[in-house]
Student: 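Below: one structure in structure tokens.
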Amino acid sequence: RSNFDAVESFAVVLERLSRVYDLPLQSVAIFHDPTGGTIAFNANRALHFNVRFFHSLHYTQGKHQAQDCYSYWYIVMAHELAHHMVSGHNKEHGFYTESYAALFLPKLVALFASL
């Protein structure tokens with residue numbers, strides 16, 4: 001039951017952040033990789049997020065409803081969205097990541113007010 005609850009909690013976080021970024025929920029997925037180092041990836045313009053990292057960083061710490069949790073996944077989502085613009089990890093990718101984070105920051109602040 002605990003694993004199911006963690007996935008459900010992660011789904012809530014990702015759904016709320018998808019609204020912040022105006023993303024269709026069909027373009028966001030949760031996956032589980034029990035040993036790899038991949039936190040998230042972008043494939044075919046869909047964003048995939050590893051529940052293992054959410055579980056260890058936020059869920060087991062009781063922080064899955066905290067602003068720290070949302071801030072972390074907000075930046076991860078910005079990072080993956082930047083891959084819509086550029087595939088590599090370079091200055092251009094950094095620029096797009098920062099641009100996404102800055103552009104949608106007011107909506108994240110509004111989300112914080114509702115938590």
Side-chain angles (χ1 to χ4, degrees):
R1 182 77 188 152
S2 174
N3 290 337
F4 179 79
D5 290 342
V7 172
E8 283 291 312
S9 294
F10 196 27
V12 169
V13 170
L14 294 177
E15 180 181 357
R16 289 174 176 167
L17 290 174
S18 293
R19 284 197 300 263
V20 166
Y21 282 111
D22 297 321
L23 296 174
L25 285 179
Q26 299 86 343
S27 70
V28 177
I30 295 172
F31 74 99
H32 180 253
D33 179 353
T35 59
T38 300
I39 297 170
F41 65 93
N42 181 328
N44 299 319
R45 301 186 67 80
L47 309 180
H48 303 259
F49 300 91
N50 191 346
V51 68
R52 179 172 61 90
F53 285 89
F54 172 79
H55 187 269
S56 65
L57 293 173
H58 301 108
Y59 189 76
T60 59
Q61 306 297 318
K63 297 179 182 177
H64 57 282
Q65 296 175 341
Q67 288 182 5
D68 288 356
C69 172
Y70 282 87
S71 296
Y72 179 87
W73 292 103
Y74 175 80
I75 295 300
V76 172
M77 198 171 273
H79 174 98
E80 295 308 326
L81 285 168
H83 284 302
H84 285 348
M85 310 304 286
V86 62
S87 61
H89 291 110
N90 53 29
K91 286 184 198 178
E92 191 177 12
H93 178 267
F95 168 80
Y96 286 119
T97 300
E98 291 172 10
S99 295
Y100 273 110
L103 181 64
F104 291 95
L105 188 59
K107 290 181 74 175
L108 179 65
V109 171
L111 172 61
F112 285 167
S114 72
L115 294 179

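Worth knowing before you read on, the calculation uses all heavy atoms, side chains too, and leaves out hydrogens, waters and symmetry mates.
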Student: Pair up each side-chain donor or acceptor in residues 63-73 with any protein partner under 3.5 Å, not counting sequence neighbours, and list the distances.
Tutor:
unit_1, atom_1, unit_2, atom_2, d
Y70, OH, R16, NH1, 2.8
S71, OG, Q67, O, 2.9
W73, NE1, H58, ND1, 3.2

Student: Say you draw a straight line from CD1 of I30 to CG of L47; how long is it, rounded to the nearest 0.5 Å?
Tutor: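 Going from CD1 on I30 over to CG on L47, the span is 12.0 Å.
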Student: Hey, is the main chain of P24 close enough, under 3.5 Å, to the side chain of S18 for a donor-acceptor pair?
Tutor: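 It does not hold such a pair.
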Student: Fit a plane to each ring of Y59 and F54, take the angle between them on a 0 to 90° scale, and name the class: parallel (under 30°), tilted (30 to 60°) or perpendicular (over 60°).
Tutor: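 Y59 and F54: tilted rings.
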Student: Let me know which of F10, F41, F49 forms a ring-ring contact (aromatic ring centres under 6.0 Å, His included) with F31.
Tutor: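 The single option meeting the ring-ring contact (aromatic ring centres under 6.0 Å, His included) with F31 is F41.
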Student: If I take atom CD from residue E8 and atom CG from residue D5, how far apart are they, to the nearest 0.5 angstrom?
Tutor: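 So the gap between those two atoms works out to 7.5 Å.
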Student: Going hydrophobic residue to hydrophobic residue with side-chain gaps under 4.5 angstrom, can you get from F104 over to F95?
Tutor: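 Yes, same cluster.
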Student: Considering only heavy atoms from C-beta outward, does the side chain of D22 approach that of K107 to under 4.5 Å?
Tutor: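 In contact.
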Student: Look at the side chain of N44 and the backbone N and O of A46, then say whether any donor-acceptor pair between them is shorter than 3.5 Å.
Tutor: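 Pair absent, no side-chain N/O of N44 close to backbone of A46.
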Student: Would a hydrophobic clustering, with Ile, Leu, Val, Met, Phe, Trp and Tyr connected at side-chain separations under 4.5 Å, put L25 with V51?
Tutor: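 They do not share one cluster, since no chain of ILVMFWY contacts under 4.5 Å joins L25 to V51.
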Student: Using side-chain contact (heavy atoms from CB on, under 4.5 Å), reason through L17 and L108 one step at a time and then give a plain yes or no.
Tutor: CA-CA 8 Å; L17 290 174; L108 179 65; 4.0 Å; yes
Student: Looking at every non-hydrogen atom in both residues, tell me the closest pair between A102 and P106 and how far apart they are.
Tutor: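 Reported closest heavy-atom pair: O-CD, 3.9 Å.
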Student: Atom NE2 of H79 and atom CD of E98: how far apart are they, to the nearest 0.5 Å?
Tutor: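 Rounded to the nearest 0.5 Å, the NE2-CD separation comes to 12.5 Å.
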Student: Could you pull out the closest heavy-atom pair between G88 and H83, with the gap in Å?
Tutor: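 Heavy-atom minimum between the residues: O-CE1, 3.7 Å.
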Student: If you look only at pairs with a residue in residues 24-34, which of them pass as a side-chain hydrogen bond (donor to acceptor under 3.5 Å, both in side chains), with sequence neighbours excluded?
Tutor: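 The answer is none; no pair qualifies.
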Student: Of all the heavy-atom pairs spanning A101 and A78, show the shortest one and how long it is.
Tutor: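 Between these two residues, the closest heavy atoms are N-CB, 4.2 Å.
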Student: Checking Y100 side chain against E80 main chain: does a donor-acceptor pair fall under 3.5 Å?
Tutor: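 Not at all, since once roles are kept as given, no pair shorter than 3.5 Å links the two residues.
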Student: L111, V12: one ILVMFWY side-chain cluster at the under-4.5 Å cut-off?
Tutor: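 Linked within one cluster.
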Student: Could you walk me through whether M77 and L14 pass the side-chain contact (heavy atoms from CB on, under 4.5 Å) test, one step at a time?
Tutor: CA-CA 9 Å; M77 198 171 273; L14 294 177; 3.9 Å; yes
